[in-house]
Number of protein chains: 2
Amino acid sequence: MATASNTQRLFQQFEPELLKKVQQVGLVRKFKAEEYLMQTGQQIRSAVLVLDGVIKVFREDDEGNEVFMYNLHPGEACAISMTCAARQLSSQIMAKALVDTEVLAIPVELMDEWALKYRSWYQFVLETYRSRFEELLDTLDHIAFRNLDERLLWYLKQHQKSLKSNFIKTSFTDIALELNSSREVISRLMKKLAEKGHVKLHKNEVEILHLKM
Amino acid sequence: MATASNTQRLFQQFEPELLKKVQQVGLVRKFKAEEYLMQTGQQIRSAVLVLDGVIKVFREDDEGNEVFMYNLHPGEACAISMTCAARQLSSQIMAKALVDTEVLAIPVELMDEWALKYRSWYQFVLETYRSRFEELLDTLDHIAFRNLDERLLWYLKQHQKSLKSNFIKTSFTDIALELNSSREVISRLMKKLAEKGHVKLHKNEVEILHLKM
DNA sequence: CGTTGGGCGTGATATGCATCACATGGGGGG
DNA sequence: CCCCCCATGTGATGCATATCACGCCCAACG
């Protein structure tokens, strides 16, 4: 992948001078699918901009239960990395590449400098927070108010959108883990969805036919 | 209340020049207990800094169910107001004064200007986001992982801390609404807490004796 | 080629909580 | 002073989901 032109395309809103600097100082890091970018307790040293792929950001408790927070896509940035980096704090979250992924790491020192210098950077940081916050609220809504069948539909829609594909290669066990449920329950709900014609079940894979809102 | 000296005490980290400006342009607004500062769908025109009192920030769905997000205290700011103001968007949340409350409203135009000019303002905005984000994650954890009895304890602890008082004057009906439960269930759980000696129940009031973590 | 393990389907049962139905008791207004 | 409203207590019942127990299928691998 031609990272330079890619960066330019993804971050058009940056002033030319800022864009140039981003390309100069940003460290490109690649991650394989399933690889962890960040784990609970780990120190964060740089802000992360996504160039390619999808990153799942989630939270895990002591017993290994997880809560999905949101996915990050090209052109987006990790809000957590920004604040934690800025204050040298450790993160309380996990981040994992869903597919092969490429990110740009911006050293923390520059973040502050840029914020004071480039309006577009400051706007970008704010916008990053705003969107992550909204996404987190959306997640909260679903967990608080929706039943598992609706949350499963939501899960499928998220993945369809993030992966830009109607085929989701995940075991029911993993889906259950992500929704804080159990395999058996997901199995039964999936069967219902299949009966209603929303999905088609394959071995180790769910095909999304049409998910009405 | 002497607002000027109060502002100074609460926002010591601001550069003197910034502090002066904040005092000059900030509009002091007072709210009575139970009054709403912000409602879903309402347009936000200014960033809100809390001077005195406690503000409950929460989300409400179509059917009137609510999810508690976090409380705001003196010296803190509403992250939502900052981003929404900056982008002229409407909020998706509700904010309500728990007690008589005083806030400082900063016109949106100045936010951007200050961010480029004062390092301490930028830091403050970032820190505001970081803390709200963490609090929201904590809430998410509780809703996702904890049973109602633990969430009730958490609710009591939050109020104890926010109100700096061991007496919570709220009906079980209201507590139930906030925890997305029902009066009857709260009633039974409270009885258990009382039996264990954690609380003492009075008419229209809960006295917190000791809440062990 | 048999064994093993992982992913899945399905019934039975348990549990946490919501909901319904109704009782009690106190406080304020007519 | 009586009545009624409101906060609360409590049993019965129902629903969504978790958990347990078991069996099936298929693929990998010795």
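By convention in this document, chain letters (A, B, ...) are assigned in the order of the sequence lines, proteins followed by strands, and residues within each chain are numbered from 1.
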> What parts of residues 137-151 of chain A reach DNA chain D, counting only heavy atoms under 4.0 Å away?
Replying inline: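 Heavy-atom cutoff 4.0 Å gives A/Asn147, A/Leu148.
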> Take atom CD in A/Glu60; do more than 12 heavy atoms of anything else shown fall under 6.0 Å from it?
Replying inline: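 Enclosed.
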>> So, using ring-ring contact (aromatic ring centres under 6.0 Å, His included) as the criterion, who are the partners of A/Phe11 when residues are at least two apart?
In response: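 With sequence neighbours excluded, A/Phe11 shows a ring-ring contact (aromatic ring centres under 6.0 Å, His included) to A/Phe14, A/Phe124, given in chain and number order.
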> Looking at residues 170-183 of chain B, who's got a heavy atom less than 4.0 Å off DNA chain C?
Replying inline: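 Result for residues 170-183 of chain B: B/Asn180, B/Ser181, B/Ser182, sorted by number.
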> Got a sec? Which of residues 186-193 of chain B come in under 4.0 Å of DNA chain C, heavy atoms?
Replying inline: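 B/Arg188 - these, ordered by number, are the residues of the stretch whose heavy atoms sit under 4.0 Å from the strand.
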Give every donor-acceptor pair under 3.5 Å between a side-chain atom in residues 167-189 of chain B and any protein atom, sequence neighbours left out.
from, atom 1, to, atom 2, distance (Å)
B/Ser171, OG, B/Asp174, N, 3.2
B/Glu178, OE1, B/Lys56, NZ, 3.0
B/Asn180, ND2, B/Glu66, O, 3.3

> If you look at every heavy atom in A/His202 and A/Glu207, which pair is closest and at what distance?
Replying inline: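 So the minimum-distance heavy-atom pair works out to NE2-OE1, 2.8 Å.
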> What's the shortest heavy-atom distance between B/Ala77 and B/Leu49, and which atoms?
Replying inline: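 For B/Ala77 versus B/Leu49, the nearest heavy atoms are CB-CD2, 3.5 Å.
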> Do you know which of A/Ile55, A/Leu27, A/Leu51, A/Val28 makes side chain to side chain contact (heavy atoms under 4.5 Å, CB included) with A/Val103?
Replying inline: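 Testing each of A/Ile55, A/Leu27, A/Leu51, A/Val28 against A/Val103, the sole residue satisfying side chain to side chain contact (heavy atoms under 4.5 Å, CB included) is A/Ile55.
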> Does anyone know the first and last nucleotide of DNA chain D in reach of chain A, 5' to 3', at under 4.0 angstrom to a heavy atom?
Replying inline: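 With heavy atoms of chain A under 4.0 Å away, the range is D/dT17 to D/dA21.
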> Taking the inter-plane angle between the rings of B/Phe58 and B/Tyr36 on a 0 to 90° scale, is it parallel (under 30°), tilted (30 to 60°) or perpendicular (over 60°)?
Replying inline: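 Tilted.
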>> Classify the ring geometry of A/His159 against A/Phe68: parallel below 30°, tilted from 30° to 60°, perpendicular beyond 60°.
In response: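 A/His159 vs A/Phe68 ring planes: tilted.
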> Taking 4.0 angstrom as the limit, do B/Lys96 and B/Glu34 come out as a salt bridge?
Replying inline: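 Yes.
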>> Using a strict threshold of under 4.0 Å (side-chain N to carboxylate O), is an ion pair present between A/Asp141 and B/Arg59?
In response: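 Counted as a salt bridge, because a side-chain N and a carboxylate O are separated by less than 4.0 Å.
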>> Given 3.5 Å as the limit, does a donor-acceptor pair link the side chain of B/Gln123 with the main chain of B/Ser120, or not?
In response: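 Checked: no pair found.
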> With no angle test and no hydrogens, is the base of C/dC17 tied to the side chain of B/Glu184 by a donor-acceptor pair under 3.5 Å?
Replying inline: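 Such a pair does not exist between side chain and base.
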> Where do B/Lys192 and B/Glu195 land on the salt bridge (charged side-chain N to carboxylate O under 4.0 Å, His left out) test, with the steps shown first?
Replying inline: CA-CA 5 Å; B/Lys192 271 196 213 166; B/Glu195 280 165 4; over 6 Å; no
